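The next block holds one structure in the form of structure tokens; read it before the comments.
Residues take their numbers from the sequence shown, with the count starting at 1. All values below come from the heavy atoms of this structure, side chains included, with hydrogens, waters and symmetry mates left out. Not measured: the values here are computed from a predicted model.
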Amino acid sequence: MAAGAYASHGLSTWANAEQVSYFQLAVTYQLFHSLALLVLCVLSAYIHNRLLLISKIAFTLGIFFFSGSLYCYVLLGSKLASAATPAGGMLLIIAWLLLALAVLKRS
């Protein structure tokens, strides 16, 4: 929440519109995938499956690499950090696919 508020109010005082857009994208993806990870943790209490464990790991790493690299790009100006963004996106896609496979395997 604080990062989103900063993106909306404080960041625009020194960052350009593209940087603000990247920062807001990072906040949005972090929020929604963190909620998915929370639901996945609750689901894991009822379904014991190795795919769910790997999905949790992929969500965590995906959030870290995707959102984290965008934060580093905007806040530190590190273009090198932005190289991790596609890897984070791929990890998030893999996490969703593993979650779907785990649920399909269960039913």
> side-chain contact (heavy atoms from CB on, under 4.5 Å) between Y73 and S78: does it pass, once the steps are laid out?
Replying inline: CA-CA 5 Å; Y73 172 69; S78 172; 6.0 Å; no
> Taking it one step at a time, do I63 and S34 satisfy side-chain contact (heavy atoms from CB on, under 4.5 Å)?
Replying inline: CA-CA 8 Å; I63 293 166; S34 295; 3.9 Å; yes
>> Checking L99 against L43 for the side-chain contact (heavy atoms from CB on, under 4.5 Å) test, could you report, in this order, the C-alpha distance in whole Å, the side-chain angles of both residues, the deciding distance, and whether it holds?
In response: CA-CA 10 Å; L99 175 58; L43 185 63; 4.0 Å; yes
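Side-chain contact between F23 and L75: present, with at least one pair of heavy atoms (C-beta onward) separated by less than 4.5 Å. Annotation: side chain of L97 is in contact with side chain of I93 (closest heavy-atom distance under 4.5 Å). Here the side chains of L98 and L52 are not in contact, with every heavy-atom distance at 4.5 Å or above. Taking the side chain as every heavy atom from C-beta outward, L40 and S55 approach each other to under 4.5 Å. Residues T85 and F65 fail the side-chain proximity criterion, which asks for heavy atoms closer than 4.5 Å.
A donor atom on one side chain and an acceptor atom on the other are found under 3.5 Å apart for Q30 and Y71.
Atom CD1 of I57 sits about 12.5 Å away from atom CD1 of I94, to the nearest 0.5 Å. Once rounded to the nearest 0.5 Å, the distance linking NE2 of H33 with CG of L91 reads 11.0 Å.
Of all heavy-atom pairs spanning A58 and A95, the tightest one is CB-CB, 3.7 Å. The two residues K105 and L51 make their nearest non-hydrogen contact at CD-CD1, 4.3 Å.
Counting non-hydrogen atoms of other residues, nucleotides and ligands closer than 6.0 Å to CG of L35 gives a total above 12.
Judged purely by atom type and a 3.5 angstrom limit, S69 uses its side chain to pair as donor or acceptor with the backbone of F66. The main-chain N or O of A17 is never found under 3.5 Å from a side-chain atom of S21 such that the two would form a donor-acceptor pair.
L37 and I47 end up in the same hydrophobic cluster when Ile, Leu, Val, Met, Phe, Trp and Tyr side chains are linked at under 4.5 Å. Residues L61 and L101 are members of separate hydrophobic clusters, defined by side-chain heavy-atom contacts under 4.5 angstrom among Ile, Leu, Val, Met, Phe, Trp and Tyr.
Aromatic ring orientation, W96 versus F59: perpendicular (interplanar angle above 60°, classes split at 30° and 60°).
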